[in-house]
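Indexing begins at 1, ligand by ligand and atom by atom, following the structure's order.
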Amino acid sequence: MTPPPTRILVTGGAGYIGSHACLRLLEAGLDVVGLDDLSRGHRGAFEAISAAAADLPGSFSPIEASISDRSTCEAALGDHRIELVMHFAALAYVGESVEEPLRYYDNNTGGAISLLQAMNSTGVNRFIFSSTCATYGEPSTDRIPIAEDCPQAPINPYGHSKHMVERVLFDHAYARRAADPAFAFAALRYFNVAGSDPKIRIGEDHRPETHLIPICLEVAAGRREALVIHGDDYPTDDGTCIRDYVHVCDLIDAHIAVMNGLAPGDARALNVGLGHGWSVREVLEACRKITGHPIPERPGPRRPGDPPRLFADSSRIKGEFGWAPHFTELEETVATAWAWMKARPNGYAG
Ligand code: UFG
(Lines give C-alpha, C1' and ligand atoms only; values in the text may rest on other atoms or scores of the structure.)
Protein backbone atom coordinates (compact mmCIF):
# COMPACT_ATOMS: atom_id res chain seq x y z
CA MET A 1 0.00 0.00 0.00
CA THR A 2 1.36 3.43 -0.96
CA PRO A 3 1.46 5.84 1.99
CA PRO A 4 -1.29 8.48 1.85
CA PRO A 5 -0.18 11.61 0.01
CA THR A 6 0.75 14.74 1.94
CA ARG A 7 1.09 17.30 -0.88
CA ILE A 8 -2.13 17.94 -2.77
CA LEU A 9 -3.07 20.13 -5.74
CA VAL A 10 -6.69 21.30 -5.51
CA THR A 11 -7.98 22.74 -8.79
CA GLY A 12 -10.94 25.07 -8.44
CA GLY A 13 -9.54 25.83 -5.00
CA ALA A 14 -11.37 29.18 -4.82
CA GLY A 15 -14.75 27.69 -5.77
CA TYR A 16 -17.44 26.42 -3.42
CA ILE A 17 -16.41 22.77 -3.10
CA GLY A 18 -12.70 23.26 -3.86
CA SER A 19 -12.30 25.90 -1.14
CA HIS A 20 -13.81 23.54 1.42
CA ALA A 21 -11.39 20.86 0.22
CA CYS A 22 -8.42 23.19 0.75
CA LEU A 23 -9.52 24.00 4.28
CA ARG A 24 -10.20 20.39 5.32
CA LEU A 25 -6.87 19.21 3.89
CA LEU A 26 -5.05 21.99 5.75
CA GLU A 27 -6.85 21.00 8.93
CA ALA A 28 -5.62 17.46 8.35
CA GLY A 29 -2.06 18.83 8.28
CA LEU A 30 -1.45 18.46 4.56
CA ASP A 31 0.33 20.87 2.24
CA VAL A 32 -2.12 22.28 -0.26
CA VAL A 33 -1.69 24.15 -3.53
CA GLY A 34 -4.95 25.78 -4.62
CA LEU A 35 -5.22 26.52 -8.34
CA ASP A 36 -8.06 28.62 -9.74
CA ASP A 37 -8.41 31.04 -12.66
CA LEU A 38 -10.90 33.03 -10.54
CA SER A 39 -13.41 33.14 -13.42
CA ARG A 40 -16.02 31.56 -11.14
CA GLY A 41 -14.00 31.17 -7.95
CA HIS A 42 -13.40 34.04 -5.53
CA ARG A 43 -10.20 35.82 -4.64
CA GLY A 44 -11.86 36.27 -1.24
CA ALA A 45 -11.95 32.49 -0.83
CA PHE A 46 -8.21 32.26 -1.44
CA GLU A 47 -7.69 35.08 1.05
CA ALA A 48 -9.88 33.39 3.66
CA ILE A 49 -8.08 30.06 3.24
CA SER A 50 -4.68 31.79 3.47
CA ALA A 51 -5.79 33.56 6.67
CA ALA A 52 -7.10 30.31 8.18
CA ALA A 53 -3.92 28.46 7.17
CA ALA A 54 -1.88 30.62 9.54
CA ASP A 55 -3.43 28.69 12.45
CA LEU A 56 -3.53 25.29 10.78
CA PRO A 57 -0.85 22.62 10.57
CA GLY A 58 -0.62 22.44 6.76
CA SER A 59 0.74 25.02 4.31
CA PHE A 60 -1.31 26.78 1.61
CA SER A 61 -0.09 28.16 -1.73
CA PRO A 62 -2.71 29.82 -3.96
CA ILE A 63 -2.04 30.02 -7.71
CA GLU A 64 -4.17 32.06 -10.12
CA ALA A 65 -4.18 30.02 -13.32
CA SER A 66 -6.38 27.91 -15.54
CA ILE A 67 -6.27 24.12 -15.63
CA SER A 68 -5.75 24.55 -19.38
CA ASP A 69 -2.49 26.45 -18.80
CA ARG A 70 -0.34 23.37 -19.06
CA SER A 71 3.04 24.91 -18.32
CA THR A 72 1.76 26.59 -15.15
CA CYS A 73 0.14 23.33 -14.04
CA GLU A 74 3.39 21.46 -14.70
CA ALA A 75 5.31 24.04 -12.69
CA ALA A 76 2.81 23.82 -9.81
CA LEU A 77 2.95 20.01 -9.81
CA GLY A 78 6.74 19.88 -10.03
CA ASP A 79 7.72 22.80 -7.79
CA HIS A 80 5.46 21.63 -4.96
CA ARG A 81 6.25 17.92 -5.44
CA ILE A 82 2.52 17.19 -5.63
CA GLU A 83 1.48 13.59 -4.95
CA LEU A 84 -2.24 13.73 -5.70
CA VAL A 85 -4.59 16.05 -7.61
CA MET A 86 -8.15 16.76 -6.52
CA HIS A 87 -9.80 18.21 -9.59
CA PHE A 88 -12.83 20.43 -8.88
CA ALA A 89 -12.35 23.23 -11.42
CA ALA A 90 -15.33 23.19 -13.79
CA LEU A 91 -18.21 25.15 -15.21
CA ALA A 92 -21.34 23.78 -13.58
CA TYR A 93 -24.54 25.42 -14.82
CA VAL A 94 -26.73 22.98 -16.72
CA GLY A 95 -28.65 25.74 -18.54
CA GLU A 96 -25.48 27.55 -19.56
CA SER A 97 -24.03 24.28 -20.85
CA VAL A 98 -26.99 23.93 -23.23
CA GLU A 99 -26.38 27.46 -24.54
CA GLU A 100 -22.58 27.27 -24.70
CA PRO A 101 -21.64 23.61 -25.18
CA LEU A 102 -18.26 24.35 -26.75
CA ARG A 103 -17.25 26.31 -23.66
CA TYR A 104 -18.25 23.40 -21.41
CA TYR A 105 -16.48 20.73 -23.44
CA ASP A 106 -13.43 22.96 -23.79
CA ASN A 107 -13.18 23.83 -20.12
CA ASN A 108 -14.51 20.71 -18.40
CA THR A 109 -13.33 18.00 -20.78
CA GLY A 110 -10.42 19.66 -22.57
CA GLY A 111 -9.20 21.26 -19.34
CA ALA A 112 -9.18 17.91 -17.54
CA ILE A 113 -7.21 16.33 -20.40
CA SER A 114 -4.65 19.14 -20.27
CA LEU A 115 -4.34 18.63 -16.51
CA LEU A 116 -3.81 14.88 -16.98
CA GLN A 117 -1.10 15.63 -19.56
CA ALA A 118 0.60 17.93 -17.06
CA MET A 119 0.43 15.14 -14.48
CA ASN A 120 1.88 12.69 -16.99
CA SER A 121 4.86 14.85 -17.78
CA THR A 122 5.60 15.49 -14.10
CA GLY A 123 5.04 11.93 -12.86
CA VAL A 124 2.02 12.69 -10.64
CA ASN A 125 -0.15 9.61 -10.72
CA ARG A 126 -3.04 9.94 -8.28
CA PHE A 127 -6.22 11.77 -9.25
CA ILE A 128 -9.61 12.36 -7.67
CA PHE A 129 -12.19 13.73 -10.05
CA SER A 130 -15.27 15.76 -9.21
CA SER A 131 -17.94 13.98 -11.23
CA THR A 132 -21.70 14.23 -10.90
CA CYS A 133 -24.96 12.35 -10.73
CA ALA A 134 -25.80 14.32 -13.88
CA THR A 135 -23.86 11.58 -15.71
CA TYR A 136 -26.82 9.25 -14.99
CA GLY A 137 -29.29 11.51 -16.79
CA GLU A 138 -32.86 10.51 -15.96
CA PRO A 139 -32.60 6.99 -14.55
CA SER A 140 -35.64 4.76 -14.71
CA THR A 141 -37.53 4.53 -11.40
CA ASP A 142 -36.46 0.94 -10.79
CA ARG A 143 -32.81 2.16 -10.66
CA ILE A 144 -33.40 4.48 -7.68
CA PRO A 145 -31.52 4.70 -5.33
CA ILE A 146 -28.89 5.01 -8.03
CA ALA A 147 -25.92 2.65 -7.80
CA GLU A 148 -22.70 3.09 -9.74
CA ASP A 149 -23.66 0.44 -12.30
CA CYS A 150 -26.76 2.40 -13.33
CA PRO A 151 -26.39 3.21 -17.05
CA GLN A 152 -24.82 6.61 -17.63
CA ALA A 153 -26.86 8.61 -20.10
CA PRO A 154 -26.42 12.35 -19.56
CA ILE A 155 -29.14 14.63 -20.89
CA ASN A 156 -27.19 17.89 -21.18
CA PRO A 157 -23.71 19.08 -22.23
CA TYR A 158 -22.67 19.61 -18.58
CA GLY A 159 -23.34 15.95 -17.77
CA HIS A 160 -21.71 14.82 -21.02
CA SER A 161 -18.63 16.97 -20.37
CA LYS A 162 -18.13 15.23 -17.01
CA HIS A 163 -19.01 11.78 -18.30
CA MET A 164 -16.39 12.18 -21.05
CA VAL A 165 -13.73 12.87 -18.43
CA GLU A 166 -14.68 9.63 -16.69
CA ARG A 167 -14.30 7.83 -20.04
CA VAL A 168 -10.93 9.50 -20.60
CA LEU A 169 -9.81 8.46 -17.12
CA PHE A 170 -10.70 4.80 -17.56
CA ASP A 171 -8.96 4.70 -20.96
CA HIS A 172 -5.94 6.63 -19.67
CA ALA A 173 -5.61 4.38 -16.61
CA TYR A 174 -5.73 1.32 -18.87
CA ALA A 175 -3.10 2.76 -21.22
CA ARG A 176 -0.83 3.83 -18.35
CA ARG A 177 -0.76 0.33 -16.86
CA ALA A 178 2.46 -0.68 -18.61
CA ALA A 179 4.40 2.56 -18.08
CA ASP A 180 3.08 3.39 -14.62
CA PRO A 181 1.16 0.59 -12.88
CA ALA A 182 0.63 2.86 -9.87
CA PHE A 183 -1.56 5.36 -11.76
CA ALA A 184 -4.82 5.50 -9.81
CA PHE A 185 -7.98 7.55 -9.94
CA ALA A 186 -11.42 7.81 -8.44
CA ALA A 187 -14.34 9.68 -9.98
CA LEU A 188 -16.70 10.77 -7.23
CA ARG A 189 -20.23 11.27 -8.49
CA TYR A 190 -21.80 13.89 -6.27
CA PHE A 191 -25.48 14.28 -5.72
CA ASN A 192 -26.65 17.66 -4.34
CA VAL A 193 -24.05 19.48 -2.29
CA ALA A 194 -25.10 22.02 0.34
CA GLY A 195 -24.03 23.80 3.54
CA SER A 196 -20.91 25.68 4.50
CA ASP A 197 -17.87 25.49 6.74
CA PRO A 198 -19.36 25.37 10.27
CA LYS A 199 -16.75 27.92 11.41
CA ILE A 200 -18.01 30.33 8.68
CA ARG A 201 -14.56 31.01 7.28
CA ILE A 202 -15.74 30.21 3.76
CA GLY A 203 -19.09 29.40 2.18
CA GLU A 204 -21.24 29.06 -0.90
CA ASP A 205 -21.26 32.04 -3.29
CA HIS A 206 -22.48 31.28 -6.80
CA ARG A 207 -23.14 34.10 -9.26
CA PRO A 208 -25.81 33.64 -10.43
CA GLU A 209 -27.28 31.41 -7.72
CA THR A 210 -29.53 28.65 -9.05
CA HIS A 211 -29.48 26.10 -6.21
CA LEU A 212 -32.50 25.49 -4.04
CA ILE A 213 -31.13 25.94 -0.50
CA PRO A 214 -29.24 29.22 -1.06
CA ILE A 215 -32.20 30.60 -3.00
CA CYS A 216 -34.57 29.83 -0.09
CA LEU A 217 -32.08 31.51 2.26
CA GLU A 218 -31.75 34.54 0.00
CA VAL A 219 -35.51 35.01 0.35
CA ALA A 220 -35.14 34.82 4.14
CA ALA A 221 -32.30 37.35 3.95
CA GLY A 222 -34.48 39.79 1.99
CA ARG A 223 -32.57 39.44 -1.27
CA ARG A 224 -35.40 37.80 -3.20
CA GLU A 225 -39.14 38.02 -2.89
CA ALA A 226 -40.15 34.37 -3.08
CA LEU A 227 -39.03 30.88 -3.93
CA VAL A 228 -40.37 29.78 -7.29
CA ILE A 229 -41.13 26.07 -7.08
CA HIS A 230 -40.16 24.58 -10.41
CA GLY A 231 -43.03 22.16 -10.82
CA ASP A 232 -45.40 20.74 -8.19
CA ASP A 233 -47.03 18.03 -10.27
CA TYR A 234 -44.24 15.45 -10.25
CA PRO A 235 -45.06 11.85 -9.30
CA THR A 236 -43.81 12.26 -5.71
CA ASP A 237 -45.76 12.46 -2.43
CA ASP A 238 -45.99 16.26 -2.40
CA GLY A 239 -45.55 16.76 -6.15
CA THR A 240 -42.08 18.35 -5.93
CA CYS A 241 -38.70 16.89 -6.90
CA ILE A 242 -36.67 14.84 -4.46
CA ARG A 243 -32.89 15.27 -4.16
CA ASP A 244 -30.10 13.88 -1.96
CA TYR A 245 -28.38 16.78 -0.15
CA VAL A 246 -24.93 15.98 1.21
CA HIS A 247 -23.06 18.49 3.38
CA VAL A 248 -20.00 19.94 1.66
CA CYS A 249 -17.75 18.96 4.61
CA ASP A 250 -18.99 15.37 4.44
CA LEU A 251 -18.33 15.44 0.70
CA ILE A 252 -14.74 16.51 1.34
CA ASP A 253 -14.38 13.82 4.00
CA ALA A 254 -15.39 11.38 1.26
CA HIS A 255 -12.51 12.70 -0.88
CA ILE A 256 -10.09 12.31 2.00
CA ALA A 257 -11.28 8.77 2.74
CA VAL A 258 -10.82 7.83 -0.92
CA MET A 259 -7.48 9.65 -1.15
CA ASN A 260 -6.17 7.66 1.81
CA GLY A 261 -7.62 4.36 0.62
CA LEU A 262 -6.76 4.59 -3.08
CA ALA A 263 -4.57 1.66 -4.05
CA PRO A 264 -2.03 1.69 -6.91
CA GLY A 265 -3.79 0.82 -10.15
CA ASP A 266 -7.27 1.69 -8.86
CA ALA A 267 -9.78 2.98 -11.40
CA ARG A 268 -12.94 3.70 -9.44
CA ALA A 269 -16.31 5.43 -9.74
CA LEU A 270 -18.10 6.13 -6.46
CA ASN A 271 -21.37 7.82 -5.61
CA VAL A 272 -21.44 10.34 -2.78
CA GLY A 273 -24.85 11.07 -1.27
CA LEU A 274 -26.76 10.29 1.91
CA GLY A 275 -28.87 7.58 0.32
CA HIS A 276 -32.23 9.26 0.72
CA GLY A 277 -33.80 12.47 -0.44
CA TRP A 278 -35.89 15.46 0.54
CA SER A 279 -38.51 17.13 -1.63
CA VAL A 280 -38.36 20.80 -2.61
CA ARG A 281 -41.19 21.43 -0.11
CA GLU A 282 -39.32 19.63 2.68
CA VAL A 283 -36.23 21.73 1.96
CA LEU A 284 -38.35 24.87 2.01
CA GLU A 285 -39.86 23.86 5.39
CA ALA A 286 -36.38 23.20 6.83
CA CYS A 287 -35.26 26.65 5.64
CA ARG A 288 -38.35 28.25 7.20
CA LYS A 289 -37.65 26.51 10.49
CA ILE A 290 -33.97 27.44 10.63
CA THR A 291 -34.43 31.06 9.55
CA GLY A 292 -37.74 31.75 11.33
CA HIS A 293 -38.81 33.50 8.13
CA PRO A 294 -42.04 32.59 6.29
CA ILE A 295 -40.16 32.36 2.91
CA PRO A 296 -43.04 32.95 0.50
CA GLU A 297 -43.34 30.52 -2.40
CA ARG A 298 -44.79 30.77 -5.90
CA PRO A 299 -45.60 27.95 -8.29
CA GLY A 300 -43.59 27.96 -11.48
CA PRO A 301 -43.18 25.75 -14.54
CA ARG A 302 -41.03 22.65 -14.46
CA ARG A 303 -37.35 23.24 -15.21
CA PRO A 304 -36.29 21.27 -18.30
CA GLY A 305 -34.27 18.19 -17.47
CA ASP A 306 -35.27 17.90 -13.78
CA PRO A 307 -35.82 14.22 -12.95
CA PRO A 308 -38.50 13.69 -10.24
CA ARG A 309 -36.30 11.67 -7.86
CA LEU A 310 -32.52 11.41 -7.58
CA PHE A 311 -30.79 9.85 -4.63
CA ALA A 312 -27.68 7.79 -4.25
CA ASP A 313 -26.87 4.28 -3.29
CA SER A 314 -23.59 5.16 -1.56
CA SER A 315 -22.96 1.75 -0.06
CA ARG A 316 -19.79 1.29 -2.13
CA ILE A 317 -17.90 4.28 -0.70
CA LYS A 318 -19.24 3.57 2.78
CA GLY A 319 -18.31 -0.10 2.69
CA GLU A 320 -15.00 0.08 0.87
CA PHE A 321 -13.60 3.39 2.12
CA GLY A 322 -15.33 3.69 5.50
CA TRP A 323 -16.97 7.04 4.65
CA ALA A 324 -19.70 8.04 7.09
CA PRO A 325 -21.48 11.41 6.79
CA HIS A 326 -21.91 13.47 9.96
CA PHE A 327 -24.61 15.83 8.71
CA THR A 328 -27.56 13.48 8.37
CA GLU A 329 -30.31 15.96 9.24
CA LEU A 330 -31.24 18.46 6.56
CA GLU A 331 -31.77 21.20 9.16
CA GLU A 332 -28.17 20.89 10.38
CA THR A 333 -26.93 21.39 6.83
CA VAL A 334 -29.25 24.34 6.24
CA ALA A 335 -28.13 25.89 9.56
CA THR A 336 -24.51 26.06 8.37
CA ALA A 337 -25.55 27.65 5.07
CA TRP A 338 -27.72 30.17 6.95
CA ALA A 339 -24.90 31.04 9.37
CA TRP A 340 -22.67 31.87 6.39
CA MET A 341 -25.36 33.94 4.70
CA LYS A 342 -26.06 35.90 7.86
CA ALA A 343 -22.35 36.54 8.44
CA ARG A 344 -21.66 37.43 4.79
CA PRO A 345 -24.91 38.70 3.21
CA ASN A 346 -23.04 39.58 0.02
CA GLY A 347 -20.84 36.53 0.06
CA TYR A 348 -17.21 37.27 -0.72
CA ALA A 349 -18.21 40.69 -2.04
CA GLY A 350 -18.60 42.01 1.49
N1 UFG B 1 -35.64 24.28 -7.46
C2 UFG B 1 -36.80 25.05 -7.36
N3 UFG B 1 -36.67 26.40 -7.34
C4 UFG B 1 -35.47 27.04 -7.42
C5 UFG B 1 -34.28 26.24 -7.51
C6 UFG B 1 -34.41 24.87 -7.53
O7 UFG B 1 -37.90 24.53 -7.30
O8 UFG B 1 -35.43 28.27 -7.42
C9 UFG B 1 -35.76 22.83 -7.48
C10 UFG B 1 -35.21 22.22 -8.77
O11 UFG B 1 -36.17 22.26 -9.78
C12 UFG B 1 -34.86 20.83 -8.30
C13 UFG B 1 -34.44 21.02 -6.84
O14 UFG B 1 -34.97 22.29 -6.46
O15 UFG B 1 -35.99 20.02 -8.31
C16 UFG B 1 -32.94 21.08 -6.65
O17 UFG B 1 -32.40 22.02 -7.58
P18 UFG B 1 -30.88 22.51 -7.53
O19 UFG B 1 -30.73 23.49 -8.65
O20 UFG B 1 -30.54 22.97 -6.15
O21 UFG B 1 -30.06 21.20 -7.80
P22 UFG B 1 -30.15 20.19 -9.04
O23 UFG B 1 -30.69 18.92 -8.49
O24 UFG B 1 -30.82 20.74 -10.23
O25 UFG B 1 -28.64 20.17 -9.46
C26 UFG B 1 -27.71 19.27 -8.99
C27 UFG B 1 -26.34 19.89 -9.08
C28 UFG B 1 -25.95 20.10 -10.53
C29 UFG B 1 -26.12 18.80 -11.28
C30 UFG B 1 -27.52 18.29 -11.13
C31 UFG B 1 -27.71 16.96 -11.81
O32 UFG B 1 -26.32 21.13 -8.39
O33 UFG B 1 -24.62 20.53 -10.60
O34 UFG B 1 -27.82 18.11 -9.76
O35 UFG B 1 -29.07 16.67 -11.98
F36 UFG B 1 -25.87 18.99 -12.59
Side-chain angles (χ1 to χ4, degrees), residues 12 15-18 40 88-98 101 104 107-108 129-139 143-146 150 152-163 165-166 187-195 204-206 208-220 223-248 251 271-274 277-287 295-312 330 333-334 337:
Y16 168 45
I17 300 174
R40 298 277 158 103
F88 300 96
L91 300 171
Y93 291 111
V94 170
E96 185 181 65
S97 80
V98 176
Y104 272 67
N107 185 82
N108 293 2
F129 173 54
S130 165
S131 190
T132 167
C133 66
T135 60
Y136 295 116
E138 296 190 34
R143 298 305 304 246
I144 294 173
I146 301 165
C150 179
Q152 289 181 290
I155 55 164
N156 51 59
Y158 167 69
H160 278 295
S161 72
K162 291 277 186 171
H163 184 223
V165 177
E166 288 197 16
L188 303 196
R189 297 177 186 154
Y190 315 158
F191 284 64
N192 290 57
V193 187
E204 184 168 13
D205 185 355
H206 292 114
E209 188 52 80
T210 60
H211 297 96
L212 177 61
I213 291 176
I215 284 180
C216 290
L217 299 180
E218 284 181 3
V219 178
R223 287 164 56 186
R224 287 179 194 253
E225 282 184 7
L227 170 75
V228 177
I229 296 187
H230 295 315
D232 58 6
D233 57 352
Y234 283 96
T236 59
D237 284 352
D238 67 15
T240 64
C241 290
I242 293 173
R243 296 287 181 273
D244 183 339
Y245 295 87
V246 63
H247 193 280
V248 65
L251 176 71
N271 287 337
V272 189
L274 295 187
W278 288 281
S279 71
V280 171
R281 284 201 183 286
E282 287 172 326
V283 171
L284 176 58
E285 280 312 320
C287 293
I295 312 183
E297 61 182 82
R298 281 199 278 118
R302 288 185 178 196
R303 212 169 55 174
D306 265 347
R309 292 156 80 239
L310 281 180
F311 51 94
L330 181 59
T333 295
V334 169

(request) Would you mind listing which atoms of ligand 1 come within a distance below 4.0 Å of any non-hydrogen atom of Asp306? (result) 10 (C), 11 (O), 12 (C), 15 (O), 24 (O)
(message) Which residue is it: Glu166, Gln152, Arg189? I am looking for the one with a side-chain hydrogen bond (donor to acceptor under 3.5 Å, both in side chains) to Ser131.
(response) Glu166
(request) Salt-bridge test for Glu225 and Arg298: reply yes if a basic N is under 4.0 Å from a carboxylate O, no otherwise. (result) no
(message) Tell me whether ligand 1 is touched by Val193 - counting only heavy atoms on the residue side and a distance under 4.0 Å.
(response) no
(request) Looking only at protein heavy atoms, identify the closest one to atom 32 (O) of ligand 1 and say how far it is in Å. (result) His211 NE2, 3.1 Å
(request) Could you list which atoms of ligand 1 come closer than 4.0 Å to a heavy atom of Ile229? (result) 7 (O)
(request) Check Asn271 against Tyr136 and note the closest heavy-atom contact, atom names and distance. (result) OD1-OH, 2.8 Å
(request) For Cys241, take its heavy atoms, then give the atoms of ligand 1 lying under 4.0 Å from any of them. (result) 15 (O)
(request) Among all protein heavy atoms, pick the one closest to atom 28 (C) of ligand 1 and tell me residue, atom and distance. (result) Tyr158 CE2, 4.5 Å
(message) Could you check whether any heavy atom of Tyr234 sits closer than 4.0 Å to an atom of ligand 1, since that is the contact criterion I want to use?
(response) no
(message) Check this for me: does any side-chain nitrogen of one of Glu297 and Arg224 sit under 4.0 Å from a carboxylate oxygen of the other?
(response) no
(message) Checking a contact table here: which protein heavy atom is nearest atom 31 (C) of ligand 1, and how many Å away?
(response) Ala134 CB, 3.6 Å
(request) Indicate whether any N or O donor in one side chain lies under 3.5 Å from an N or O acceptor in the other, for Tyr158 and Glu96. (result) no
(request) Number the atoms of ligand 1 from 1 as they appear, then name those within less than 4.0 Å of a heavy atom of Val280, with their elements. (result) 7 (O), 9 (C), 13 (C), 14 (O), 15 (O)
(message) Under a 4.0 angstrom heavy-atom cut-off, which atoms of ligand 1 come close to Val94?
(response) 36 (F)
(request) Heavy-atom contacts with Leu310 under 4.0 Å: which atoms of ligand 1 show up? List them by number with element. (result) 35 (O)
(request) Check each atom of ligand 1 against the heavy atoms of Ile215 and keep those under 4.0 Å away; list them by number with element. (result) 8 (O)
(request) Could you pull out all residues at least two apart from Asp237 that satisfy salt bridge (charged side-chain N to carboxylate O under 4.0 Å, His left out)? (result) none
(request) Measure from NZ or CZ of Arg243 to the centre of the six-membered ring of Phe311, then state whether that distance is under 6.0 Å and the direction lies within 45° of the axis. (result) no
(request) Would you mind telling me if ligand 1 is within reach of the side chain of His230, the backbone, both or neither, using heavy atoms under 4.0 Å? (result) both
(message) Heavy-atom pairs closer than 4.0 Å: do any link ligand 1 to the side chain of Tyr245, the backbone, both, or neither?
(response) side chain
(request) Check ring-ring contact (aromatic ring centres under 6.0 Å, His included) between His211 and all other residues, then give those that pass, not counting sequence neighbours. (result) His206
(request) Report the part of Val228 in contact with ligand 1, treating N, CA, C, O as backbone and CB onward as side chain, heavy atoms under 4.0 Å; options are side chain, backbone, both, neither. (result) backbone
(message) Hydrogens and angles aside, do Thr333 and Tyr245 bring a side-chain donor and acceptor to less than 3.5 Å of each other?
(response) no
(request) Measure Leu212 to ligand 1 on non-hydrogen atoms and call it side chain, backbone, both or neither using the 4.0 Å cut-off. (result) both
(request) Measure from the side-chain N and O atoms of Glu218 to the backbone N and O of Ile215, and report whether any donor-acceptor pair falls under 3.5 Å. (result) no
(request) Heavy-atom contacts with Leu227 under 4.0 Å: which atoms of ligand 1 show up? List them by number with element. (result) 3 (N), 4 (C), 8 (O)
(request) Would you mind telling me if ligand 1 is within reach of the side chain of Phe191, the backbone, both or neither, using heavy atoms under 4.0 Å? (result) neither
(request) Among all protein heavy atoms, pick the one closest to atom 5 (C) of ligand 1 and tell me residue, atom and distance. (result) Thr210 O, 3.5 Å
(message) Under 4.0 Å, heavy-atom basis, I'd like to know which part of Arg303 is in contact with ligand 1: side chain, backbone, both or neither.
(response) side chain
(message) For Thr240 and Asp232, which I'm curious about, is there any donor-acceptor pair between the side chains at under 3.5 Å?
(response) no
(message) Using the rule side chain to side chain contact (heavy atoms under 4.5 Å, CB included), only one of Ile229, Thr236, Asp238 pairs with Ser279; which is it?
(response) Asp238
(message) For Ser130 and Tyr190: C-alpha separation, side-chain torsions, deciding distance, then whether side chain to side chain donor-acceptor pair (under 3.5 Å) applies.
(response) CA-CA 7 Å; Ser130 165; Tyr190 315 158; 3.2 Å; yes
(request) Kindly indicate whether atom 9 (C) of ligand 1 is approached by any protein heavy atom to under 4.0 angstrom. (result) yes
(message) For Asn192, which part has a heavy atom under 4.0 Å from ligand 1: side chain, backbone, both, or neither?
(response) side chain
